[in-house]
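Only heavy atoms go into these numbers, but all of them, side chains included; no hydrogens, no water, no symmetry mates.
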Amino acid sequence: MSNSADDGRDENSPPSTATFTTERVISVFEGRRDFAKPLTANDVMEALGCSRRTAHDKLDELVEQGTLETRKVGARSRIWWVPIPRRREPEGPAELPRDPLVDISIANADLPGSGELLERRRDALRASYDYLREHPDTDHGAFLNDVFPEHPAGYTTADEWWDAIGPALESLPDVEIASDSDHVWHYGGG
């Protein structure tokens with residue numbers, strides 16, 4: 001084993017543990033052809049030309065830093081790997097793409113008010129439409145229980161809210177109201 005560090009020591013003396021930084025150990029992991037393959041202390045020892053103890057110490061240091069993970073395999077063996085971060089799931093349900101014609105219809109809906117109040121009412125109409133898309137067959141009570149509390153749009157009662165939102169919702173594309181006595185709302189779009 002030759003001394004590759006220019007630290008003034010004899011060419012045949014064993015390398016100093018100071019030359020085996022955690023960065024050099026990480027470079028062994030980065031130099032693999034198969035990034036999914038875990039490494040052993042022997043793999044690191046051979047790649048860096050260091051002792052088994054030095055390889056273990058550096059690998060353990062990287063585990064403590066959270067850079068590597070390890071697990072015991074067999075009676076006396078361990079493997080190390082670079083953890084793959086988990087993909088974050090989006091918070092809340094994924095939003096379904098909306099037909100641009102719907103947005104135009106919402107912008108032109110016959111809703112009372114102006115300025116910010118009108119925008120809040122359009123938002124309530126949009127939320128009602130999205131709710132119907134997620135629940136394609138529902139009655140008006142579900143809108144009152146599930147949409148109105150988060151989108152009151154300036155109304156103090158659910159009935160006042162529905163008197164404005166209901167007719168506007170019925171005028172939107174792909175929205176149908178059953179003519180039966182249950183007054184079930186249907187979303188007929190894709």
Open item on the list: Could you report the tightest heavy-atom contact between L117 and A153, atom names first, then the distance?
Closed with: CD1-O, 3.5 Å
Task: Expected output: side-chain W161 to main-chain H151 donor-acceptor under 3.5 Å - done: yes
- [ ] Give, for atom CD of E64 and atom OG1 of T70, the distance between the pair rounded to the nearest 0.5 Å.
- [x] 12.0 Å
- [ ] Determine yes or no for a side-chain-to-main-chain donor-acceptor pair under 3.5 angstrom, with K58 supplying the side chain and E61 the backbone.
- [x] no
Task: Check: R24 side chain, T21 main-chain N or O, donor-acceptor pair, under 3.5 Å - done: no
TODO: Look only at the side chain of D163 and the backbone of G166, and say whether a donor-acceptor pair between them is shorter than 3.5 Å.
DONE: no
Open item on the list: With a 4.5 Å cut-off on side-chain heavy atoms, are W80 and D60 touching?
Closed with: yes
Task: Interatomic spacing from CG in L125 to OG in S171 - rounded to 0.5 Å - done: 7.0 Å
Task: Minimum heavy-atom distance between A127 and V147, given as atom pair plus value - done: CB-CG1, 4.0 Å
Task: Single-linkage hydrophobic cluster W162~Y155, side-chain heavy atoms < 4.5 angstrom - done: yes
Task: same_hphob_cluster(Y129, I104) at 4.5 Å side-chain heavy-atom cutoff - done: no
Task: D130/R126 under salt bridge (Lys or Arg N to Asp or Glu O under 4.0 Å): CA gap, chis, key distance, verdict - done: CA-CA 6 Å; D130 290 343; R126 190 172 292 109; over 6 Å; no
- [ ] Report the distance from atom CD of E176 to atom CG of D137, rounding to the nearest 0.5 Å.
- [x] 9.5 Å
Open item on the list: For a 4.5 angstrom cut-off between non-hydrogen side-chain atoms, does L172 reach L132?
Closed with: no
TODO: With rounding to the nearest 0.5 Å, note down the distance linking OG in S51 to CG in D57.
DONE: 7.5 Å
Task: Shortest non-hydrogen contact from R122 toward A107 - done: NH2-O, 2.9 Å
Open item on the list: Minimum heavy-atom separation for L111 and A168, please, with both atom names.
Closed with: CD2-CB, 3.8 Å
Open item on the list: For residues V63 and V28: do they belong to one hydrophobic cluster (side chain heavy atoms under 4.5 Å, members Ile, Leu, Val, Met, Phe, Trp, Tyr)?
Closed with: yes
- [ ] Determine, using the 4.5 Å side-chain heavy-atom cutoff (strictly less than), whether Y131 and V175 are members of one ILVMFWY cluster.
- [x] yes
Open item on the list: Can you tell me if N145 has over 12 outside heavy atoms packed within less than 6.0 Å of its CG?
Closed with: yes
Task: CG on D123 to CD on E116, rounded to 0.5 Å - done: 10.0 Å
- [ ] Determine, using the 4.5 Å side-chain heavy-atom cutoff (strictly less than), whether M45 and L48 are members of one ILVMFWY cluster.
- [x] no
Task: Shortest non-hydrogen contact from V102 toward P173 - done: CG2-CG, 4.1 Å
Open item on the list: Give me the atom names and distance for the closest heavy-atom approach of R32 to V82.
Closed with: NH2-CG2, 4.2 Å
Task: Test side-chain contact (heavy atoms from CB on, under 4.5 Å) applied to V25 and L62, step by step - done: CA-CA 9 Å; V25 173; L62 287 164; 3.5 Å; yes
TODO: Enter the distance from D146:CG to S128:OG here, rounded to the nearest 0.5 Å.
DONE: 10.5 Å
Task: Donor + acceptor pair across side chains of D43, T40 (<3.5 Å) - done: yes
Task: Stepwise side-chain contact (heavy atoms from CB on, under 4.5 Å) test for I26 and L68 - done: CA-CA 9 Å; I26 287 298; L68 295 179; 4.1 Å; yes
Open item on the list: So for atom CD, which belongs to Q65, do other residues, nucleotides or ligands contribute more than 12 heavy atoms lying within a distance under 6.0 Å?
Closed with: yes
